[in-house]
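Here's the structure we're looking at; comments come further down.
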Amino acid sequence: MTTNAELAERYASALPSFLHLLYDRPISIDRGEGSYVWDVEGRRYLDFFGGVLTTMIGHAEPSVVAAVQQQAAKVMHTSTLYLSEPMIAFAEDVARVSGIDDARVFFTPSGSEANDAALLMATVHRGSNQILAMRNSYHGRTFSAQAVTAHRSWSSTSLTGLNVTFVQGGYRLRSPFRHLDDDAYTTACVDDLVQLIDMTTSGDVAAMIAEPIQGVGGFAVPPDGFFGAMGKVLASHGILFISDEVQTGWGRTGEHFWGYEAHGILPDMLTFAKGVGNGITLAGVVGRAEIFDSIGALQFSTFGGNPLSAAAGRATLRRVLEDDLQANALAMGRRLVEALTPAVEQADFVAELRGRGLMQAMEFVHPGSIEPDAARAGAVLEACRDRGLLVGKGGLYGNVIRVTPMLNVSAAEIDEGAAALVGALAAADA
């Protein structure tokens, strides 16, 4: 039998050193069913991370598996150079639920490439390379996506063809405006946006890209209406708004299908990825036709929207809508928060329990301060694994535990996961 340790050795010898494994004793996921996975040594884990929010409605979900198998038996790949009914049908589905008028959809293999494409279209449409992005943001690993990412640990280079200005966003815990109430906080950030446009740009800014809830940044949540208030400033300058819904889309926040809907704003473009393929490589951009039509050069996508991915996307979206998994995300998210709150309130090393729906996080600090405590977060991560629970880690300083169950998670699974988290907090305290 192959062991986790043996695979870790092979991983280190075959893959680049800039890749990092999540645990001190890495695990290899061999198979999954619903909310559970098994490693190569046969140990079962409750999966509350889903491969970074990607397996969204359960491992080996029968309807998605059947759709993929049926499509694979016909044809797996054609590219956008050919008419593909699965791709066209899924584009129609996505355009319909996006909320954007006269929408067009361009499929890509990853969220990084989706954000890349959105930035390309915005800069061409506006004839400007100036971009506004949020502090504490993460938009991917590609060259342009890194340029609009405000995390030093994710920045490989300062070289970029974009002129990027970073504005105050939703990460309130470390904002200079953190002591203000919701309305005053929003007003202060909007005032900062106005000043930055006036002082640090030449005026013809192409777009602002933002995550409604910052994902890798530790699920930082701005006040409701935050981006709507910023949108008024953007609109007065003709600046496009790109909503990065790679982690917030498809009902995960519970209260809304898309993260932007909490803010009274309609984006000019939105990007999506991760969960909609339920594990299959699938991402894309939705936007107004006039923006897409700004591209005059020949374009195509080799793998974006391929028949296999499109079949998985259609099957996943159908389950989300027909089973009203957004409502389940809202109910189970509340159940999770209620179960964790007493333990968090007793832990003086947890600064915040924050999030929406099935997108929850705990930020760890040294008691009596907001100084990040990445070691404590790491200890909780390992303690969860020891208790049979897989969660994620993130945050600007690597001090945030991210908890993202499947959208169709059951109450019993929430209770099991919450008990493991509470136990891990107690272990970290000891």
Side-chain angles (χ1 to χ4, degrees), residues 48-50 53-54 56-57 94 96-100 134 136-137 169-173 181-183 185-186 189 210-231 241-267 270-276 286 316-341 344 352-363 392 394 400 402-411 413-414 417-418:
F48 272 18
F49 199 38
L53 292 81
T54 300
M56 188 170 72
I57 61 170
V94 173
R96 186 166 48 250
V97 300
S98 71
I100 296 175
M134 314 306 292
N136 195 50
S137 61
Y171 188 26
R172 298 177 69 168
L173 183 65
D181 63 28
D182 283 358
D183 290 342
Y185 181 86
T186 297
C189 291
E211 306 155 275
I213 296 175
Q214 294 179 325
V216 172
F219 297 171
V221 185
D224 285 354
F226 182 88
F227 289 110
M230 286 199 159
F241 176 59
I242 304 168
S243 186
D244 179 343
E245 302 274 358
V246 168
Q247 297 195 29
T248 49
W250 317 108
R252 177 164 288 281
T253 68
E255 296 177 8
H256 303 283
F257 196 76
W258 301 104
Y260 78 76
E261 293 176 298
H263 297 281
I265 188 174
L266 183 64
L270 70 81
T271 58
F272 63 87
K274 294 194 181 291
V276 70
V286 193
T316 301
L317 182 56
R318 188 178 301 114
R319 279 291 317 277
V320 169
L321 296 175
E322 291 181 355
D323 294 352
D324 196 7
L325 296 188
Q326 178 183 330
N328 192 65
L330 180 62
M332 292 301 100
R334 287 174 175 168
R335 188 181 185 97
L336 178 62
V337 170
E338 289 171 0
L340 294 178
T341 296
V344 168
E352 288 183 330
L353 170 63
R354 60 177 182 248
R356 293 281 176 87
L358 291 176
M359 193 174 183
Q360 298 293 330
M362 293 178 286
E363 177 155 356
V400 178
R402 299 195 288 162
V403 186
T404 57
M406 309 297 169
L407 296 193
N408 52 355
V409 68
S410 69
E413 290 164 348
I414 287 291

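Values reported hereafter were calculated over all heavy atoms of this structure, with side chains retained and with hydrogens, waters and symmetry mates removed.
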**Prompt:** Looking at residues at least two apart in the chain, or sitting in another chain, which of them share a side chain to side chain contact (heavy atoms under 4.5 Å, CB included) with L266?
**Reply:** I100, Y260

**Any side-chain heavy-atom pair of P223 and Y185 under 4.5 Å** = yes

**Request:** Starting from the C-alpha separation in whole Å, work towards a yes-or-no answer on side chain to side chain contact (heavy atoms under 4.5 Å, CB included) for L336 and L353.
**Result:** CA-CA 11 Å; L336 178 62; L353 170 63; over 6 Å; no

**Shortest non-hydrogen contact between L358 and G333, atoms and distance** = CD2-N, 3.6 Å

**Item:** Set of side chain to side chain contact (heavy atoms under 4.5 Å, CB included) partners for A411, sequence neighbours left out
**Value:** M332, R335

**Message:** Minimum heavy-atom separation for L340 and A418, please, with both atom names.
**Reply:** CD2-O, 4.0 Å

**Item:** Approximate separation, where rounding is to 0.5 Å, of F226 CZ and C189 SG
**Value:** 4.0 Å

**Request:** Determine the sole option in M359, M362, Q247, Q360 for which the side chain to side chain contact (heavy atoms under 4.5 Å, CB included) test with R402 is passed.
**Result:** Q247

**Asked** Does the side chain of W258 come within less than 4.5 Å of V97's, by heavy atoms?
**Response** yes

**Request:** Return the set of residues passing ring pair (Phe, Tyr, Trp, His ring centres under 6.0 Å) with F272 (not counting sequence neighbours), or none when no residue passes.
**Result:** W250

**Request:** Please round to the nearest 0.5 Å and tell me the distance separating atom CG of N408 and atom CG of L325.
**Result:** 5.5 Å

Using residues 210-221 as the side-chain source, report each donor-acceptor pair under 3.5 Å to any protein atom, sequence neighbours left out, with the distance given to one decimal.
| residue | atom | partner | partner atom | Å |
| --- | --- | --- | --- | --- |
| E211 | OE1 | Y138 | N | 3.1 |
| E211 | OE2 | G215 | N | 3.0 |
| Q214 | OE1 | N136 | ND2 | 2.8 |
| Q214 | NE2 | R135 | O | 2.9 |

**Prompt:** Is there a side chain to side chain contact (heavy atoms under 4.5 Å, CB included) between L53 and F49 once you walk through the steps?
**Reply:** CA-CA 6 Å; L53 292 81; F49 199 38; 4.2 Å; yes

**Asked** Between atom CG of D323 and atom CZ of R318, what is the distance when rounded to the nearest 0.5 Å?
**Response** 11.0 Å

**Request:** Kindly compute the distance separating CG (D244) from CE (M134), expressed to the nearest 0.5 Å.
**Result:** 12.0 Å

**Prompt:** So, the side chain of N328 versus the backbone of V409: is there a donor-acceptor pair under 3.5 Å, distance only?
**Reply:** yes

**Request:** Just do the side chain to side chain contact (heavy atoms under 4.5 Å, CB included) check on I57 and M406 with the steps written out, would you?
**Result:** CA-CA 5 Å; I57 61 170; M406 309 297 169; 5.9 Å; no

**Asked** How close do A361 and V400 get, heavy atom to heavy atom, and via which atoms?
**Response** CB-CG1, 3.6 Å

**Euclidean distance, E255 CD relative to L330 CG, rounded to 0.5 Å** = 6.0 Å

**All side chain to side chain contact (heavy atoms under 4.5 Å, CB included) counterparts of D324, not counting sequence neighbours** = Q326, A327

**Item:** Spatial distance of atom CZ (R354) from atom CZ (R172) [nearest 0.5 Å]
**Value:** 11.5 Å

**Prompt:** How would you list, by chain and number, every residue that makes a ring pair (Phe, Tyr, Trp, His ring centres under 6.0 Å) with F227, sequence neighbours excluded?
**Reply:** F241, H263

